[in-house]
Amino acid sequence: MHAVMNTLTIARPDDWHLHLRDGAAMRDVLPHTAARFARAIVMPNLKPPVTTTELALAYRDRILAVLARGTRFEPLMTLYLTDNTRPEEIARAKLSGAIHAVKYYPAGATTNAGSGVTAIENCFPVLAAMEKAGMPLLVHGEVTDPDVDVFDRERVFIERTLAPLIERFQALKVVMEHITTSEAAAFVTGAPPRIAATLTPQHLLLNRNALFAGGVRPHHFCLPVLKREVHRRALVAAATSGNPKFFLGTDSAPHARHTKENDCGCAGMYTAHAGIELYAEVFAAAAALDRLEGFASQYGADFYGLPRNTEKITLLREPWQVPASVPFGADVLVPMRAGAAIEWRIAAA
Ligand code: DOR
Ligand code: ZN
């Protein structure tokens, strides 16, 4: 017999995959992340994309400028890989000390991936430079081939692109971002320690039925798309396994409500408002709360070669109601679980 745990104190977590956007929209979403996480890997898919060290440092300055005074939060910047990225850019990025990874979007795979990589062979010299610099490659692992079923795009990407890539670059560190399938979990588990994966709250909590519950549900649409229950269970097993290859990355991806409730709705779920609380639900349901700290606060830092956070946060099992919408620049957005309850909250510091 074991008692139900109703409070949990862990080192302050980090979010290893986050979309912050820019301008007034960023001003509204950043406080949600900064209230929970010490650091976040900030995605570079702005319009135009963050392709150079100079652009990344300017973006970092804009993030720091809107942080409330006294907030301790460190944005960890990334570069957006294109067919034209120069190997010399990697040395510049490394030297900056502020850029921690390079993001690989297959061209057209998702939101603002239009400038992404058309053929990874074009980037081999850059990947060699990254390998040498110890700079991780963060992968959006989906093929864009329209002949491949949308639910199979991650599995096929592993076979066609990822497996050959990590074979060719034997020292390249790779994070397979937001994995959604049992095949991805198995692949990462069986790969060398330099290969890791992030897991989102939505792929741990929902299966693809959530896209069609009583009607089409645009706020549950993200990429890679939600998968079958058998995959969700495999992801929960990976996240709660204590294997340091698997760590937290919310992929919180804010979009204005009208752009999702639309004839051609945008991909992305907003989870930053409950970016640690939703994972607490997952780990509690799996009777694995004792493993949340490794997943949320330790393994990612270890992988990136950064110090673990020493400050603590306390989570309480105390339900709260998520608002129907939250401000998003001139618009509003609909957060995950809008109008319903989340079981955990963070205790006031
Ligand atoms: O659903 C998604 N939204 N997946 C991505 O890969 C990008 C993200 C976004 O930027 O909105
Ligand atoms: Zn993302």
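The structure displayed is predicted, hence computed values, not measured ones. Whatever order the structure lists them in is the order used to number ligands and atoms, beginning at 1.
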At a 4.0 Å threshold, what atoms of ligand 1 neighbour a non-hydrogen atom of [X]?
X: C222; answer: 1 (O)
X: R21; answer: 9 (C), 10 (O), 11 (O)
X: N45; answer: 9 (C), 10 (O)
X: T110; answer: 2 (C), 4 (N), 5 (C), 6 (O), 7 (C)
X: H255; answer: 9 (C), 11 (O)
X: A253; answer: 3 (N), 8 (C), 9 (C), 11 (O)
X: H140; answer: 6 (O)

Taking distance alone, with N or O pairs closer than 3.5 Å, would you say [X] contacts ligand 1?
X: A267; value: yes
X: Y105; value: no
X: G268; value: yes
X: M269; value: no

Just checking, is any N or O donor in the side chain of [X] or [Y] under 3.5 Å from an acceptor N or O on the other one?
X: S297; Y: N309; answer: no
X: E89; Y: T53; answer: yes
X: H231; Y: N207; answer: no

With a sphere of 6.0 Å drawn around [atom1] of [X], does it hold more than 12 non-hydrogen atoms of other residues, nucleotides or ligands?
X: E159; atom1: CD; result: yes
X: K312; atom1: NZ; result: yes
X: R233; atom1: CZ; result: no

Run the numbers on R92 and E88 for salt bridge (Lys or Arg N to Asp or Glu O under 4.0 Å), then give the verdict. CA-CA 7 Å; R92 264 194 292 276; E88 305 84 74; 5.6 Å; no
Tell me which protein heavy atom sits closest to atom 1 (O) of ligand 1, plus the residue, atom name and distance to 0.1 Å.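 The answer is L223 N, 2.8 Å.
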Would you say M43 touches ligand 1, if touching means a heavy atom closer than 4.0 Å?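 Contact absent.
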I'd like to know: is the Zn ion (ligand 2) within the 2.8 Å range of an N/O/S atom from [X], strictly under that distance?
X: D251; result: yes
X: H17; result: yes
X: H140; result: no

Determine whether the aromatic ring centres of Y104 and Y80 lie less than 6.0 Å apart.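 Here the rings of Y80 and Y104 have centres that are no less than 6.0 Å from each other.
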Evaluate the ring planes of H140 and H178, with Trp represented by its six-membered ring, and classify them as parallel (under 30°), tilted (30 to 60°) or perpendicular (over 60°).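 Perpendicular.
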List the steps and the verdict of salt bridge (Lys or Arg N to Asp or Glu O under 4.0 Å) for R257 and D331. CA-CA 7 Å; R257 177 163 67 189; D331 297 294; over 6 Å; no
